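Presented below is the structure to which this report refers.
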Amino acid sequence: MDPRPRSFYVLATVFGLFLLFLYGPTITIAILSFQGPEGGLTFPMRGASLHWFRDLFEQQAVGDIWGSFGRSLVLGLLVMATTVVVSVMGGLAFRKRFRGSGLLFQLVIASLVIPSILVSLGVGLIFTQAGLPIHWATSGFGAQLTWTLPFGLLIMFAVFNRFDPAYEEAARDGGATPWQTVRHVVLPIIAPSLLGVGLFGFTLSYDEFARTLLTSGSRNTLPLEIYGMTTNVTTPVIFALGTLTTVFSLLVIGAFLLTLRIAARRRARAGSDAGRAV
Amino acid sequence: QEIKDVTLRQFGTGVSNLNEVAQKVKEDLGFTLEMTALDSDAVTQRAATQPDSFDIADIEYWIAKKVWPTGNLQAMDTSKIANYGKIVGIFRDGKLTPESTIAQGTAPHTVGFTSGPGGTDFAAEETGWMTLIPTIYNADTLGIRPDLIGRPIESWTELLNPEFAGKASLLDISSIGIMDAAMVCEAMGEIQYGDKGNMTRDEIDRTMAIMTEAKRAGQFRSFWKTFDESVNLMASGEVVIQSMWSPAITAVKSRGIPCVYQPLKEGYRSWGGGIGLSSSLSGLPLDAAYEYINWYLSGWVGGFLMRQGYYSAVPETSKAFMSPNEWGYWFEGKPAAEPISSPFGDVLAQPGEVRDGGSFHERMGHVACWNSVMDENQYMVRKWNEFIAA
Amino acid sequence: MRTGHDLELVHVTKRYGDAVAVNDVSHLFRGGSYVCLLGPSGCGKSSTLRMIAGHEGVSAGSIVLHGAEVTHLPPARRGTAMMFQSYALFPHLSVRDNVAFSLRMKGVDKPARHRRAGELLELVDMARHADRLPSQLSGGQQQRVALARALVTDPQVLLLDEPLSALDPFLRVRMRAELKRLQRELGIGFIHVTHGQDEALALADEIVLMNDARIEQAGPAREIFNAPRTEFVARFMGGHNVIALPQGRFALRADDVRLAPEGAEAVVRAVEYQGGHVALTARMAGEQELLALIPEAAFFADPKHPGDAVRLAWDEGRLHRLHA
Amino acid sequence: MRTGHDLELVHVTKRYGDAVAVNDVSHLFRGGSYVCLLGPSGCGKSSTLRMIAGHEGVSAGSIVLHGAEVTHLPPARRGTAMMFQSYALFPHLSVRDNVAFSLRMKGVDKPARHRRAGELLELVDMARHADRLPSQLSGGQQQRVALARALVTDPQVLLLDEPLSALDPFLRVRMRAELKRLQRELGIGFIHVTHGQDEALALADEIVLMNDARIEQAGPAREIFNAPRTEFVARFMGGHNVIALPQGRFALRADDVRLAPEGAEAVVRAVEYQGGHVALTARMAGEQELLALIPEAAFFADPKHPGDAVRLAWDEGRLHRLHA
Amino acid sequence: MTGWLLAAPLALVLALFLVAPIAMIAVVSFWTATEFSIVPAFSLENYQFLLGSGVTWRVLLNTVKYAAITWAITLTLGFTVAYFLAFHVRSQAWQTALFLLCTIPFWTSNIIRMISWIPFLGREGIANSALLSWGVIDQPLDWLLFSDFSVILAFVHLYTLFMVVPIFNTMMRIDRRLLEAASDAGASGLQTLRHVVLPLTRPGIMIGTIFVLTLVMGDFITVRFMSGSQSANVGRLIQNDIGLLQYPSASATSVLLLIVTLMVIGVLLRLVDIRKEL
Ligand SMILES: Nc1ncnc2c1ncn2[C@@H]1O[C@H](COP(=O)(O)OP(=O)(O)OP(=O)(O)O)[C@@H](O)[C@H]1O
Ligand SMILES: Nc1ncnc2c1ncn2[C@@H]1O[C@H](COP(=O)(O)OP(=O)(O)OP(=O)(O)O)[C@@H](O)[C@H]1O
Ligand SMILES: [Mg+2]
Ligand SMILES: [Mg+2]
């Protein structure tokens, strides 16, 4: 290996500090979540225990963590599925110009840049004025889509920018109908990116706060619940929750990476040279 | 359909919206109570705008002044309330004792009754139809960290004392915060209010001007919006003096941190909470709701709340659910005979300690004003908003 | 003499917006012959091929295959098959499934389509690698799979868009021999787009030379090389000089120019060794540059260098008159 | 005879992890000469060039330019300049600014560096397009700009990595003539990486043929073509047959094989028209395939087709013995 | 035609949950409110109060200040990190691994990440205790928490990644040979950075800028938590109004925020073609 230039060490140090900066607080709360039963929200630690994690699984004084977790999970999955389907359709649509495509694209960008609280406020207003019930699965769902769809769509743009149209022509040449082309050629080829869109959609929704604030109705999603807890809970149980949500996120990513890995391995196995002379 | 299949959705602030209550309801009455805890702005908002999202609203009296006229709540027939007669006078004719004077602000009895079923007005005296059934109330004052202050505090003026610059806090709930601010300004002798609970625009402007100036000068460390925020601020030493709620002080103390609920010469600012029923509630769920209310007033909840430092609307019934030691300490202002512990098992006072502020009558007899909604509420709200943003 | 599956373009035009990519082209591609579409970049070769394949709409004119108009049929129903420039093998399917793809689309059952795919993989000598993914193949191997995939539908005409351009020169020569062999064995028509003259000369029964959206000249490879009709053809095919004489412009093959004591005076500009020959560029009077292809032995018997004065000669009979 | 700026590789090795890309290579590049580094894909040509340029560290050995060791100098201080494979023109800078880039880095003031850039653009005939962005240029034009940019530093040696590979065949031939002319005019050394034999033959004063991380043979173009040392060289340079005889393996040039009534029996396998010649592949007894390059006129006097029986002959004296 | 069909779900979602709500906000901004409900009567009162109050302008200025400072810091930091990852990390495996490492905290709830600073920065927090015990200071530093410093710190913590990702993405697409060409031309590391890398990374910088600016300008809870309600931005103003049920007033402020945001982003979008950069 060539020797590293000095700038490498400077930048590596900066990078290391940046990581520390990123992880510092997370690690802090991870440590604090193992406070003893007497412990508070700040250092010093008073003993070490799993008390607060146990506490998390018991009835809290206020709120309903697991109920809101369940709602967030369901909502996340709903948003994820919708985002994947709608973004793929949108991505396909945008490959050709159509009337109003420019306007629609600008709307997508607007959707990305308009502050969340405005969407939240607006959707809440519309629903109340129209006399519709505000519920996380209707108004909350819609408000979140205005956030996940632009991301999904932009990813699809990136994917289709790199997608060789010759694949589709080859499929048509082989007699595939438009639907068969999408089903047997386009979708399998872009599948890994779809997983990515799904993962993105899920986490954006799962973590969305501002857009859900005024659109979730009488039942909280997890971020709202956590928001409530930050003002209503005075024990390290909230840190335990934080640690647990982090772990959960890591599990989701892990599952995602594993899926990709397995898919890649399965493909590779199909045609490996193992045990064969070339 | 049986009553135990009923599910009632209740929401309110974290103060009284406790899951223990729901559990006990399930045990004692058999039906399900779903609790949602929100901050008081959100509570107001939901009560006023989303009547279908709840069955029972656990709100404060001053909020009722905003919510009741919307017709989202239904009047309650006092004849169905078993312990109606034992409810303390504050919630009926406004007087703790026959000779008490009624404090400024939205005293609970002024918004406690309506003309009849379907009424959206407030009645001046007991009519047999209540807007809210009182549940919980208290008198608030400043909380301090005696260890960090090291000298006696006697007046509301201390909140703006430059000595505590960067170490003071105020609550950011406009209707309550402005009252605390008014207490301070009045104590400082800067403003003489006609009625702190119903200020004129000019009074509001002057009050906010004083507070804004203090804020710009860095008097405040932080504002708080919920009970526990105030606890955290105090417990972590970020703040040494702030407007505070009694149980919040209890909570700080339970961590072994010295904290005093400081009686002040100008008196207390008081508040009261109650339960209202959604106007859409009828039939079996409505029966369940009445059953719930009667159960609420029958003592267990009262004891549960009183042992945290609040007062019950029907103290007599609660007495049965408290030990004589607890009753003596919490209600009568006597020194504790044995260690006093909270319902959650934290030790709050050692033998010999006396409750800050003394007995029930000592406290509730020195109320200077009630949390309220003013005629100029909207103007006040905007000014408050400006103050927070300033 | 026409065999079974002639393909005819009748006044075919392709416009992209204002730009005309193919301008009123008519041509008959004889069934069973190897035709190369040759021309500089952007002249419209790919557009022509893609119209034949049905991947590009026709702006005007029609395409007739074996007597039937196919102008508006979908690609799969024309009897043509296409092999794409960088092969466009489906990356998620094994070699076998790639080849069997169009059968699967038709609903042919698995054993049957695998059998057929196996046959074609035998044909291109890729049966061993049937289970691999395209990414696990070398360029030449990918090319064969693409060929097998295109042939699985038994097309009457195979269309190839620069099939050899992704290969290195060494492999390119080998694969072009294979293409030629396969075409002869199958007896179907190949239409092969390229911009390499040597490739076209080596492969084509007929060369269709395009320029600027039109056909410049079409005919057997030897005819194109020996009797270029226009200056463009002469220059593009290479190995020719274009000489302006009072009577008109003439093409003169470079290997007909020799160094001789009695020829026209010229100054050597450049010398390129080409293995068996040496290409010598010299400038005559009047700025006319002349390329001479001189056998190695002859050249090195008396080597010349840039700047040397030489005399160049040729037989008048070898001058070929150009039309434009 | 050595001129000014000789470049010498002394036991140079390049390793990437475990893989050896260049294995103990020593060679002297004569100053002022045009050298082509030729070889199949992956043989280490680019790695060698990049080590000379200083863009790749040297794992072992040293590089000496004009007597001074430059092994560890930064690229700009070696006296070399590099022209990159796809030109690597700065897309955000105009043609003029691209050329003037290194002067700007040196702190030369604007008028001076623009003047100098203008001169170089004149040299490569691109002065007209000085204000364009690279994306607005054709491939050939980009190549000239890249050349001008590389030359602006007055390098002693110009390094070119496949400079012609992005061009179409027509342009490639034209641009290689320009490269050659420029090199002669400037009189500096060019080291040009390519994997095209024809390109190397046409351009090089000296060809360095690499294979498998080593130099297989180095020498003047004609020597490489006429006297290949190994079977690999003979095959790679093309136009050669490799014949196994009891005495050993021999190379035989394809243009030394002729159709003759008294020759060895063989069956035609393939016929490729190449303009002036026809390449005929035939199989003799014992699976030996032979390539014959037959002048067009001779071939078409009596054309052969695949499957025909022919007789092939050659002079024994033209057999060239191979060492490996 | 099919284009429209495919784009229809996207258009529908955006129409229902973006266009309509924003239009609603615009309409409501001209209504009046009582304490608990909104009254559909045309009135300019909201705007009069809003534009007439000095506080509005101060808050707007504060919003812009937060956005500008956060932008400058995230840009510097994000660029440095992306530069290190893209140009100094040699193996692709390491690049992916380090990049993932940077993104992991992003999958943890924003609110938890934010409040986790509190035990760190408080008067008795880790930072102060450490500094005190090292003898660097003899008084706890008050400005670490509930100050502009803590607000910006939290912003930087939350949003630097939104700079890193697009910048890294563009940097990875810079042809490495351009850097070699620059070093061939005698450019020093800094010169290469200034004259080659920076101009070529501009689109990524623009996209990152758009993200960071919208997120910061639309934020309301970071400012609330990290300033202890001592500072305000426009989002806070809106949230306060919403909390106090002053929807028309909140809407008017929203319209103001929308206009400012769209103006800033509009200018940025002129400088970069998002679709091309994906
Ligand atoms: N989809 C398109 N939209 C607009 N113009 C196009 C399109 N495809 C091709 N063209 C234009 O049509 C002309 C002919 O293009 P075509 O691809 O047929 O050329 P070609 O001969 O195949 O060139 P090459 O050898 O470079 O592949 C060119 O000028 C090209 O720019
Ligand atoms: N950065 C690298 N890391 C690891 N291996 C490399 C690297 N660069 C080149 N190699 C390997 O070194 C060997 C020589 O590569 P090099 O690029 O020099 O070949 P080349 O002769 O230029 O080939 P081509 O004609 O394909 O450009 C190859 O096997 C290649 O895979
Ligand atoms: Mg083409
Ligand atoms: Mg190379």
Side-chain angles (χ1 to χ4, degrees), chain A residues 5 7-8 11-12 14-15 18-19 21-26 28-29 32 41-43 86 89-90 92-93 96 98 104 107 109-111 113-119 121-123 125-126 129 142-143 145-146 149 153-154 157-158 161 203 207 209 214 223 226-227 230 242 245-246 249-250 253, chain E residues 3-4 6-7 9-11 13-14 16-22 24-25 28 77 80-81 83-84 88 101-102 104-105 107-113 115-117 119-120 122 124-126 129 157 189 210 214 217-218 220-221 235 238-239 242 247 250-251 254 257-258 261 265 269 274-275 278:
Chain A
S7 59
F8 170 83
L11 287 173
V14 172
F15 183 75
F18 175 69
L19 278 189
F21 171 63
L22 274 191
Y23 282 86
T26 317
T28 310
I29 63 163
L32 283 173
L41 282 172
T42 47
F43 285 100
V86 175
M89 290 173 70
L92 287 170
K96 290 206 206 84
F98 54 90
L104 191 57
L107 271 186
I109 296 300
S111 188
V113 303
I114 287 179
S116 309
I117 187 157
L118 301 198
V119 175
L121 173 64
V123 172
L125 279 174
I126 286 248
Q129 289 302 304
L145 284 183
T146 61
L149 282 183
L153 201 69
L154 290 186
F157 279 168
N161 278 351
T203 19
D207 203 21
F209 172 76
L214 302 172
I226 292 172
Y227 174 64
T230 58
T245 50
T246 309
S249 303
L250 291 183
I253 307 174
Chain E
W4 250 115
L6 287 169
L10 178 69
V13 170
L14 292 182
L16 283 183
F17 293 99
L18 186 75
V19 179
I22 298 297
M24 188 75 195
I25 288 180
V28 169
L77 192 56
T80 314
V81 167
Y83 184 80
F84 173 75
H88 278 278
L101 204 60
C102 288
I104 284 174
W107 309 96
T108 307
S109 162
N110 265 358
I111 299 177
I112 290 192
R113 286 210 288 150
I115 61 155
S116 55
W117 278 109
F120 198 88
E124 293 172 12
I126 299 179
S129 324
H157 188 229
I210 290 174
T214 17
M217 299 215 319
F220 54 96
I221 54 169
I238 297 173
Q239 193 208 11
I242 291 173
Y247 288 107
S251 299
S254 298
L257 175 60
L258 187 67
T261 312
I265 303 302
L269 282 175
I274 289 195
R275 274 186 79 171
L278 291 167

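Fair warning: this is a prediction, and the values are worked out from it, not measured in the lab. Numbered from 1 within each chain, the chains take letters A, B, ... in sequence-line order.
- Looking at E:Leu18, both its backbone and its side chain come within 4.5 Å of chain A, counting heavy atoms on both sides.
- For chain A, the nearby part of E:Ile242 is the side chain; its heavy atoms alone come within less than 4.5 Å.
- Note: E:Leu101 CG to A:Leu19 CG = 5.0 Å, rounded to the nearest 0.5 Å.
- When heavy atoms are compared at a cutoff of 4.5 Å, E:Ser254 approaches chain A by way of both its backbone and its side chain.
- Residue E:Leu258 touches chain A through both its backbone and its side chain, counting heavy-atom pairs closer than 4.5 Å.
- At a 4.5 Å heavy-atom cutoff, the contact between A:Phe18 and chain E is made by side-chain atoms alone.
- Interatomic distance, CG of A:Leu118 versus CD1 of E:Ile238, reported as 5.0 Å (0.5 Å rounding).
- Heavy-atom pairs under 4.5 Å with chain A peak, among E:Gly235, E:Ser116, E:Ala250, E:Ser129, at E:Ser116.
- Taking A:Gly242, A:Pro25, A:Ser7, A:Ala12 one by one and counting their heavy-atom pairs under 4.5 Å with chain E, the maximum is reached by A:Pro25.
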Legend entry - Derivation and outcome, side chain to side chain contact (heavy atoms under 4.5 Å, CB included), residues E:Phe17 and A:Leu145: CA-CA 8 Å; E:Phe17 293 99; A:Leu145 284 183; 5.8 Å; no
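- Ring orientation note: the planes of A:Phe8 and E:Phe84 are tilted relative to one another, at an angle of 30° to 60°.
- Residue A:Thr28 holds its OG1 atom at 5.5 Å from CZ of E:Phe120, rounded to the nearest 0.5 Å.
- Within the 4.5 Å cutoff, side-chain heavy atoms of A:Leu121 are placed close to those of E:Ser251.
- Residue with the most contacts toward chain E among A:Leu22, A:Ile29, A:Leu214, A:Thr203: A:Leu22 (heavy-atom pairs, distance under 4.5 Å).
- Atom CG of E:Leu10 and atom CG of A:Leu104 lie 5.0 Å apart (nearest 0.5 Å).
- Between chain A and the options E:Gly218, E:Pro21, E:Gly122, heavy-atom pairs under 4.5 Å are most frequent for E:Pro21.
- Note that the CG atom of E:Leu77 and the CZ atom of A:Phe15 stand 10.5 Å from one another [nearest 0.5 Å].
- Of all the listed residues (A:Val119, A:Ile114, A:Thr245), the one sharing the greatest number of non-hydrogen pairs under 4.5 Å with chain E is A:Ile114.
- Of the two parts of A:Ser111, the backbone and the side chain both hold a non-hydrogen atom closer than 4.5 Å to a non-hydrogen atom of chain E.
- Heavy atoms of A:Leu154 lying under 4.5 Å from chain E belong to its backbone as well as its side chain.
- For a residue to count as touching a neighbouring chain, one of its non-hydrogen atoms must lie under 4.5 Å from one of that chain's; by this rule A:Val14 touches chain E with the side chain only.
- Within the 4.5 Å cutoff, the side chain of A:Leu125 has heavy atoms near those of the E:Tyr247 side chain.
- With a 4.5 angstrom heavy-atom cutoff, E:Leu14 touches chain A only via side-chain atoms.
- Note: A:Phe209 CZ to E:Asn110 CG = 10.0 Å, rounded to the nearest 0.5 Å.
- Among A:Leu92, A:Leu11, A:Thr146, the residue making the largest number of heavy-atom pairs under 4.5 Å with chain E is A:Leu11.
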